[in-house]
Every structure is written in C-alpha cells, then in structure tokens.
Amino acid sequence: EAQVTQNPRYLITVTGKKLTVTCSQNMNHEYMSWYRQDPGLGLRQIYYSMNVEVTDKGDVPEGYKVSRKEKRNFPLILESPSPNQTSLYFCASSLVFLGEAFFGQGTRLTVV
Amino acid sequence: GDSVTQMEGPVTLSEEAFLTINCTYTATGYPSLFWYVQYPGEGLQLLLKATKADDKGSNKGFEATYRKETTSFHLEKGSVQVSDSAVYFCALETDSWGKLQFGAGTQVVVTP
C-alpha cells in the first residue's frame, strides 16, 4: 500500500529538549516536504527536498532542520523546541509534475 | 507572492443540502489548482485538481472549475452526506517546483 508514515503521532516535550519526527514514504517519490498546520493559517511549508542530499527552506524554516540521506526518509529535527512550535505537523511526498501530494497522518506536537 | 483565500467556516449544512466553498487565488503564471480534504484525525487527501484554465476537476460528487478570468476555483457538491464532514483546503502549485500554497481551510459540518 502506497503511504507516507510519520512517527510519533503524538508528542509532548519540554522546551529545549531535542526531538526528531520521522517520515518515510514507499512510493519512490523524489519530492518530500514538511508542513505545519495552525488554526486560521492553513498549512505552511517548513522545508522541502527535491531529491537525496537536496533540501531547501520553505516559508517557516526557523527552528527546524531536515536531512535527506535516503530517498525514502525525510526526518524533521527540532534542536531546541520552543512553545511556539506547538503545532500539527505533516510530511508529504509527491512525484513532481503530477501535482498530487501524499500526506502522512500527522504528528501533534506540544512543547511545554 | 502567491496566495490562496478561502471562505471562513465552519459551514454547517443539513444532509442533502448544496455545498459551495469559495476559493480565490493570486499567482504569477498559470498554477495548477487543487482541493484537498482532511477527515478528522487524518492527513490530507487529494480530492480533485485542475491544471489549466476552464478545466473541471471532479471526484466523489464534488466539482470545481478553474476560472482564470476570476482567479477562482470554487468547490461544489449538489447533495452532501454526513460523511462529507471534514476540513477542505484549496491549494495551488507554485512555480517552486512542487510546492503547494494552501488556503486556511474551511470546516464543513453536515448534520443528519
């Protein structure tokens, strides 16, 4: 089954404690990205990757890092989380030019 | 920059009512346009898309027509069901190869 898998689904952490949210896709897609979803703001892109070892900033990259060492994986790293990063996070992948993005089920992050 | 504006929700309807969700956009060039749907507790799924002016996307009884002259992509369904209760996002694919720009989302609640 074609899917994007994120883990964990829910995470509560404390300010400053490094964390990683994993994302994996099994569709051999080149393009992967991370979004955060906040009420009234829709989804905003954090980082994206066009292929292995190629990543770039989206609209709201501050406080986040990513890596793309393998085509299927695209982890999101928060080196020092802060309360304003409390949000719902989605990983997505797509075969560019076809326009359909496949989304993971989301990670609900709370930073206290 | 590119942007998408959606009507605010929540929109509350009775079963079998007609649904319209307005979406307008600002973009350079000729973007592809999408509607994504997010059911409770899930990630986003592509509902329909249109890639050029006057194209009509349709799926699951939903339709939307790409109107270049009014820069709009309104979503319609003739007879909604309780199972259509979800958050609907209008989006466009920008020139940034594969990046999706989302509207804020419109929550739709259908009551029996």
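Throughout, protein chains are lettered first and strands after them, A, B, ... in sequence-line order, and every chain is numbered starting at 1.
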### Query
Going from CG on B/L100 to OH on A/Y48, what distance comes out if it is rounded to the nearest 0.5 angstrom?
12.5 Å
### Query
Rounded to the nearest 0.5 Å, how far does CD of B/E93 lie from CD of A/E100?
11.5 Å
### Task
Would you mind reporting whether B/L46 and A/F103 have side-chain heavy atoms less than 4.5 Å apart?
no
### Query
Going only through I, L, V, M, F, W and Y residues with side-chain contacts under 4.5 Å, is there a path from B/V4 to A/V60?
no
### Message
Check for me, please, whether B/V108 and B/Y39 land in the same ILVMFWY cluster - side-chain distances under 4.5 Å, paths through other members count.
### Response
yes
### Query
Shared ILVMFWY cluster between B/L44 and A/F102, side chains joined below 4.5 angstrom?
no
### Query
Given that the side chain runs from C-beta out, which part of A/L43 has a heavy atom under 4.5 Å from chain B: side chain, backbone, both or neither?
both
### Query
Non-hydrogen atoms of chain B under 4.5 Å away: do they reach the side chain of A/R9, the backbone, both or neither?
side chain
### Message
Taking side chain as everything from C-beta outward and backbone as N, CA, C, O, which of these in B/Q6 sits under 4.5 Å from a heavy atom of chain A? Side chain, backbone, both or neither.
### Response
neither
### Message
Quick check on A/Q6 against chain B: is it the side chain, the backbone, both or neither that has a heavy atom closer than 4.5 Å?
### Response
neither
### Query
Any idea which heavy atoms bring B/Q38 and A/F90 closest together, and the distance?
NE2-CZ, 3.1 Å
### Task
Answer yes or no: does atom NZ of A/K65 have more than 12 heavy-atom neighbours from other residues, nucleotides or ligands under 6.0 Å?
no
### Query
Quick check: are there more than 12 heavy atoms from other residues, nucleotides or ligands sitting under 6.0 Å from CZ of B/F18?
yes
### Task
Kindly give the heavy-atom pair with the smallest separation between B/A104 and A/G40, and that separation in Å.
CB-O, 3.5 Å
### Message
side-chain contact (heavy atoms from CB on, under 4.5 Å) for A/L41 and B/F102? Distances and angles first, verdict last.
### Response
CA-CA 9 Å; A/L41 298 176; B/F102 286 90; over 6 Å; no
### Query
Quick check: are there more than 12 heavy atoms from other residues, nucleotides or ligands sitting under 6.0 Å from CD of A/E53?
yes
### Message
Tell me whether A/R108 at atom CZ has more than 12 heavy atoms from other residues, nucleotides or ligands lying less than 6.0 Å away.
### Response
no
